[in-house]
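As the structure lists them, so they are numbered: ligands from 1, and atoms in each ligand from 1. Since the structure is predicted, the reported quantities are computational estimates derived from the model, not experimental observations.
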Amino acid sequence: MQYRGVPGHEFAGRVVESQNTSLRDKRVVGEINAGCGRCATCSAGLARHCPDRTVLGILGRDGAFAELLRLPDANLIPIPDSMPDDVAVFVEPIAAAYEIFDQVHLARNQTIVVIGDGRLGAIVALVLKGEKCLPLVAGHHREKLARLANLGLATAEESSVRDKFDVVIDCSGSGSGFRRAVELVRPRGKIILKSTAAAAAEIDLAPIVVNEIAVIGSRCGRFQPALDALTAGKIDPRPLIDGAFALNDGIVAFEAAKNPLNFKILLKAT
Ligand SMILES: [Zn+2]
């Protein structure tokens with residue numbers, strides 16, 4: 001997105017200023033896409049795809065690695081008092097994982113593989129497990145796969161996977177993820193691309209045609225299903241947290257986040 005500004009789009013916070021008095025002082029999470037509110041896309045309820053949208057910490061709108069941020073009232077969703085901040089910060093990525101259920105009918109007897117054992121793959125896999133769709137997580141990091149196995153997920157070294165799956169979800173974050181997905185999907189199966197890295201790779205589309213594969217791009221999702229699942233205890237993302245740092249220690253926090261063995265690092269603004 002060529003973005004310059006304050007990064008950060010996964011947050012939980014408290015409303016300090018709003019025209020809407022019922023929001024003031026509420027603990028909230030926030031939809032990160034702010035549409036123009038006037039175009040046909042916004043009118044159709046798809047502000048996430050508004051051509052003139054701003055996106056928190058990603059496009060034209062300073063993000064959450066700060067004491068204060070601004071979002072429209074309509075983007076803010078109060079969270080239950082019982083939900084701790086270190087759970088609420090996961091609403092955004094969990095909503096992105098739930099987007100898959102809005103796009104594709106996933107039956108519980110379908111075979112699903114998640115390519116990638118990073119933070120995105122881990123969250124997508126935990127959401128699938130929370131919905132009783134039991135995926136295989138295929139990755140390269142033995143330590144991370146062991147941690148995910150401890151959370152009750154089936155895991156495998158990616159290069160050892162030979163089966164064909166009904167649904168392949170690419171969370172690899174690498175250009176080769178799509179090619180691997182094509183290898184692992186059965187004829188008439190579905191590939192869900194969660195990783196924009198595939199865009200940069202050279203891709204042979206012939207197998208997509210020959211095997212009649214559906215390829216579905218998947219990005220942000222509605223917050224409510226994620227909030228509901230977290231409130232109901234279907235998913236506990238906290239085992240993915242590997243550290244929490246004060247905002248003043250942001251540089252140290254970034255170093256920790258760059259460690260490929262860490263899933264999630266939190267920043268505390270206050
Ligand atoms: Zn719009």
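Nearest heavy atom pair, residue Arg180 against residue Arg162, reads NH2-NH1, 4.5 Å. In this structure, Pro78 and Leu227 approach most closely via the heavy-atom pair O-CD1, 4.1 Å. When all heavy atoms of Cys42 and Gly37 are compared, the closest pair comes out as SG-N, 3.3 Å.
Protein atoms of type N/O/S that fall under 2.8 Å from the Zn ion (ligand 1) number 4 in this view.
In this view, Phe101 and Tyr98 satisfy the ring pair (Phe, Tyr, Trp, His ring centres under 6.0 Å) rule, not counting sequence neighbours.
If you run side-chain contact (heavy atoms from CB on, under 4.5 Å) between Asp242 and each of Asn262, Asn259, Leu266, only Asn262 comes through.
In this structure, the separation between CD1 on Ile191 and CD on Glu183 is 10.0 Å, given to the nearest 0.5 Å.
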